[in-house]
Number of protein chains: 2
Amino acid sequence: MAAPNLDWKQIAAAKKVQQGLTIPKEWIIKDLPSKETLNVVDIPETCGILTPKEIQITTSSVSLLLKNLAEAVWSSVEVTTAFAKRAVIAHQLVNCLTEVFIERALERAAQLDEILKSTGKVVGPLHGLPVSLKDQFHIKDIETTMGYVSWVGKKPTRNSVLVDILEASGAVLYVKTNVPQTLMWLESFNWVFGRTTNPWNRSLTAGGSSGGEGALLALKGSPLGVGTDVAGSIRIPAAFNGLYGLRPSIGRVSFAGNVTCLEGHDGLPLVVGPLAPSIEALKVFMKSVAEKKPWIIDSLTIRKPWNEQEYNLVDHGGKGGKLCFAIMWDDQFVRPHPPVVRGLMETKKALLAAGHSVVDWVPQVKHIDLIAAIGAMWAAGAMQDFIEAVAPSNEPIIKSMKLEGEDPAYVPDDIPGFRLSEGMPAYELWKHQKKRQDLRQEYLEHWNATVSATGTGRPVDAIISPCAPFVAPPHGGSTYINYMGVWNALDYVALTIPTGLSVDPKLDVPVARQDFFNDLDKANHELYNPQLYRNAPIGIQVVGRNLEEEAVLAMGGIVDEALKAYLSTA
Amino acid sequence: MAAPNLDWKQIAAAKKVQQGLTIPKEWIIKDLPSKETLNVVDIPETCGILTPKEIQITTSSVSLLLKNLAEAVWSSVEVTTAFAKRAVIAHQLVNCLTEVFIERALERAAQLDEILKSTGKVVGPLHGLPVSLKDQFHIKDIETTMGYVSWVGKKPTRNSVLVDILEASGAVLYVKTNVPQTLMWLESFNWVFGRTTNPWNRSLTAGGSSGGEGALLALKGSPLGVGTDVAGSIRIPAAFNGLYGLRPSIGRVSFAGNVTCLEGHDGLPLVVGPLAPSIEALKVFMKSVAEKKPWIIDSLTIRKPWNEQEYNLVDHGGKGGKLCFAIMWDDQFVRPHPPVVRGLMETKKALLAAGHSVVDWVPQVKHIDLIAAIGAMWAAGAMQDFIEAVAPSNEPIIKSMKLEGEDPAYVPDDIPGFRLSEGMPAYELWKHQKKRQDLRQEYLEHWNATVSATGTGRPVDAIISPCAPFVAPPHGGSTYINYMGVWNALDYVALTIPTGLSVDPKLDVPVARQDFFNDLDKANHELYNPQLYRNAPIGIQVVGRNLEEEAVLAMGGIVDEALKAYLSTA
């Protein structure tokens, strides 16, 4: 534990020094690009630290990595070293890591290599694969600070259930990644580790709360990352960094034994899910973890094995059949910027070209009502939770993700309501929870009623939605959660996929608008400037029903292939 | 709606008159037994109202009923008439019904008969079978009062999801059954319909909150009933009336579109489950309902089809294998009365005789801590919920289930705390919810650790637990919820089965005790008097893990058969 006579700034500074000591000196980039260098995506491969083989390893698909690891073509020590080096390089560019424990990882990798050599067998489906974790997962003897100065020095005495499962599956843990203080932001800044920036354009946010994962994965410093999502915290970093990210339904992936914010908030618990450079890697994660029957060892995980039939789309006309996707162009509250609309338009063309049908998704249930319900559910106790968390160190509660927000005295005008709420009586919370339940049922009935409009004999198979009304915005700008939060409110499975497109000032010109839904919509419209967002990846969401992870991964794969095929010929 | 100028007593009285009019006059028992006649179980068959065929029908197993209905050996009109008559007879003896809609049911039965005749096919697995419902389920145009005078006259404009599913499966709905005001009692008394009594001994309670179901089923006025359970409300009426009752895990059976108390209390929602005279009937219900994929139409139902492999005990060594049961003799807080202990002892002998192994269950996690957590979770808003519900009619909130409690002015000394709680801030509720989560995880770890003591290579397969520290007690005495509530707190699947034994003053003599866990234990001990409980059935619980309904039904079947075999030879 940090010495009690240090103030919070000293504790944070000491922790940063400590972090620096965990980074091998030979992996320090000599000629760090200047702050004006915005796009740093190519630097890991040009900085001279990685060998050609390490570049080959870190740019391989997860299935090739697992195959080569299982066949001892590459050792786990080699693979772990390659990703660890690249992670450390990434960190110097975008400040994405919190805990770095490469020595421990290499020991573990060597053990796995030895087991494979002596038994001829892999220990599990992830044998030898490095996996990065958001700094919320408990690994024995490694700190979990979760962005709080108050938590510096706290070392868990045991692994969480998921960490046990990953290790039993053969994964090699080697780094943990950055988050925002309180976790309740879609960006990643805290007083301990500072701000994570976007590798495609460092003047933009990497998103959050799993922002460290997003930035690390975009720079290929990890082949597979694990995040959590209560209102977009997996999907926003995936979208902003050009990645795939899955928000499973509540209880599908084990969370027992870790830490989070708003503890005890049973109404809308967070979910654990993977971020990766491919859908295939997401499937590997989901299937591997389910194989360990987490419901036997985690009291909040649902007894639902991986279902290959559902992955083969048994509930959606079977493999290879025609699907009907519904595109939500906007949420009738804040209309997306031109690049987001272009992403949806190209997706539509790609799906039609692939032979699927596409209809419009017009929500009959107002998304803003769902957001209001879950917003009130957070407001019920969030502020007390934050106050309690910062109390031991006396660090200020962060009130903005803007650059000015790095000044502890900064208090912006536009703090989202729940952060300063004084809470409410439990009975009032129940009313909001009931309202949300009713809206969920109404939404489902609306979905089912689409059966008359699809032409497939089934209701819409999946919804395609924006991730946000913007691509990765400048720091402090990722404040509109509704395109994410609505799927949490409904507990639908939601998958972010990159369209393969990014902001191009020539294509994504501002569009004049006369009518606005409201002032927020107008303000968002006026923010748009293609130069500002240059190079930002354009993502979309593919959304399915509750606990339909298998089908959403399969349908997401279909969308992904359709986009790739269409854009390669367009 | 009731005229607004009537006071609550007048509204209740008018409703009772209205109820009387729904009962066919020819089914009125001419020589009602006096109040001193305590055991009325035989009266339906001796009162002269049922024909021999009707007696045959109403004493048939559910599988024979369904077979004969499907093969048109018996028409649904015949079967429905038989059960409706017997239900009305039961009602006159123990006051178990609320809504009676026989005409509607017979029309529906005639339609089903016609469909079978014209198509040669059943409409579903419950074709033609009468099913009774607790007065909490919404059937279009039929009142749901749920024990509140305030709700008299409220007619739902649509069926709930489960009612739709039951009808689509071929069920014939014909009566709804009594509950306590607020639902938060393990007995059944309210100002609208009065008190339901126990058919085995009318000086005892029928239990609650699904008490009407318990009493009705014990008198064979229904072959299959549906109740709800938030702290024993299915299992206590099953235990007190000599029936089988299943508490599934949260979300396994659809609840959308009905009404309940403590709406929006997401931390520990109620569950829907069946009560019946056999385990087989419980399985028929669970399987039939799952076949309709309720998760497609109910936003809170879990995507988990009926799993025949799990029913074949794939997770418990396979069908026909040796199981290890753990018996919990007491909860280390209130020790059960002699008949309850005899039930457990006979169960142990029966299981050993059947070749299974039996160990003791000694909870390492204190049950009282789990009960305290969920008690606080209810207390967070229960009183405000009750106050809001009674406000329109101004009926008094019932403060005791004792006979004196029928006087609105009666205020007992020993009102359980949460009923008068003034609520708490939401953040405090979160703390209790977190505490409960932690205890759940701890409990599961304790269960898993039993692997070293079972000799099967698996942890304990199922826990066998008392249902209460007493069998059906005199009215007002069913106040100790812990043997039930603990399984709700853990969200384990819990099944009540009757041992086939009932209180026998010769066998169940009082046992002297010197040491007590606490004053409550002592007071409960002193209450015991075998004459008082004469004829009360002795039930036990078989408890499995979360969402393990299939395995619990199968293991319950094994316990049931073992008991029957053992007791027939003992």
Side-chain angles (χ1 to χ4, degrees), chain A residues 161 249 251 256-257 262-269 293 295-305 307 310 315 377 379-385 388 422-445 447-448 459 490-491 545-548, chain B residues 161 249 251 256-257 262-269 293 295-305 307 310 315 377 379-385 388 422-445 447-448 459 490-491 545-548:
Chain A
V161 171
S249 281
L262 319 191
E263 292 269 22
H265 170 46
D266 283 358
L268 185 55
K293 299 189 177 183
W295 52 88
I296 299 292
I297 42 181
D298 179 343
S299 60
L300 292 177
T301 301
I302 288 171
R303 175 180 288 270
K304 185 173 191 299
N307 189 322
E310 289 184 13
D315 296 327
M377 284 162 60
M383 199 60 196
Q384 288 107 309
D385 178 87
E388 206 168 282
E422 295 189 354
M424 61 178 75
Y427 187 61
E428 193 181 329
L429 168 62
W430 289 5
K431 295 269 183 194
H432 293 294
Q433 293 183 157
K434 171 65 176 149
K435 175 77 180 165
R436 174 198 173 215
Q437 284 176 15
D438 291 344
L439 291 170
R440 281 180 70 174
Q441 184 63 20
E442 204 180 324
Y443 209 99
L444 187 61
E445 289 173 10
W447 188 329
N448 290 335
L490 294 163
D491 196 24
R545 293 163 184 260
N546 181 277
L547 286 170
E548 210 185 18
Chain B
V161 170
S249 281
L262 319 190
E263 291 269 25
H265 170 45
D266 283 358
L268 184 56
K293 300 189 178 182
W295 51 87
I296 299 290
I297 43 181
D298 178 344
S299 60
L300 293 178
T301 301
I302 288 171
R303 177 179 287 268
K304 185 172 191 300
N307 188 319
E310 289 186 12
D315 296 327
M377 284 162 59
M383 199 61 196
Q384 289 104 309
D385 179 86
E388 206 169 279
E422 292 188 356
M424 62 178 75
Y427 188 61
E428 192 181 330
L429 168 62
W430 289 5
K431 295 269 184 195
H432 293 294
Q433 293 183 159
K434 172 66 174 147
K435 174 78 180 162
R436 175 199 172 214
Q437 285 176 13
D438 291 343
L439 290 170
R440 281 181 69 175
Q441 185 62 21
E442 204 180 326
Y443 209 99
L444 187 61
E445 288 173 11
W447 188 330
N448 290 335
L490 294 163
D491 196 25
R545 291 164 185 260
N546 182 275
L547 285 171
E548 210 184 17

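Atoms considered below: every heavy atom in the structure, side chains included; atoms not considered: hydrogens, waters and symmetry mates. Labels below follow one simple rule: chain letters A, B, ... track the order of the sequence lines, proteins then strands, and each chain is numbered from 1.
Taking the side chain as every heavy atom from C-beta outward, B:E388 and A:Y427 approach each other to under 4.5 Å. Counting heavy atoms from C-beta outward, A:M424 and A:H432 have side chains that approach closer than 4.5 Å.
Closest of all the heavy-atom pairs between A:D266 and B:R436 is OD2-NH1, 4.2 Å. Heavy atoms only, all atoms of each residue included: B:T301 and B:W295 are closest at O-CB, 3.4 Å.
Neither the backbone nor the side chain of A:L490 comes within less than 4.5 Å of any heavy atom in chain B. Only the side chain of A:E445 comes within contact range of chain B, with at least one heavy atom under 4.5 Å from a heavy atom of that chain. Neither the backbone nor the side chain of A:E442 comes within contact range of chain B, judged by heavy atoms closer than 4.5 Å. With a 4.5 angstrom heavy-atom cutoff, A:D491 does not touch chain B via any of its atoms. Proximity to chain B (any heavy atom under 4.5 Å) is shown, for A:E428, by neither the backbone nor the side chain. If you measure heavy-atom distances from A:K293 to chain B, the contacts under 4.5 Å come from the side chain alone.
Ranked by heavy-atom pairs under 4.5 Å with chain B, the first of A:I296, A:D298, A:N448 is A:I296. Your options are A:S299, A:G251, A:P459, and the one with the most heavy-atom pairs under 4.5 Å with chain B is A:S299. Top candidate by heavy-atom pairs under 4.5 Å with chain B, chosen from A:L429, A:D385, A:I302, A:N546, is A:D385.
In this structure, the side chain of A:Q433 does not engage the main chain of A:L268 through any donor-acceptor pair within 3.5 Å. A donor-acceptor pair under 3.5 Å links the side-chain atoms of B:E548 to the main chain of B:R545, judged by distance alone.
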Exercise for the section: Could you check B:K304 against B:E310 for salt bridge (charged side-chain N to carboxylate O under 4.0 Å, His left out), going step by step and ending with a plain yes or no? Expected result: CA-CA 12 Å; B:K304 185 172 191 300; B:E310 289 186 12; 3.1 Å; yes

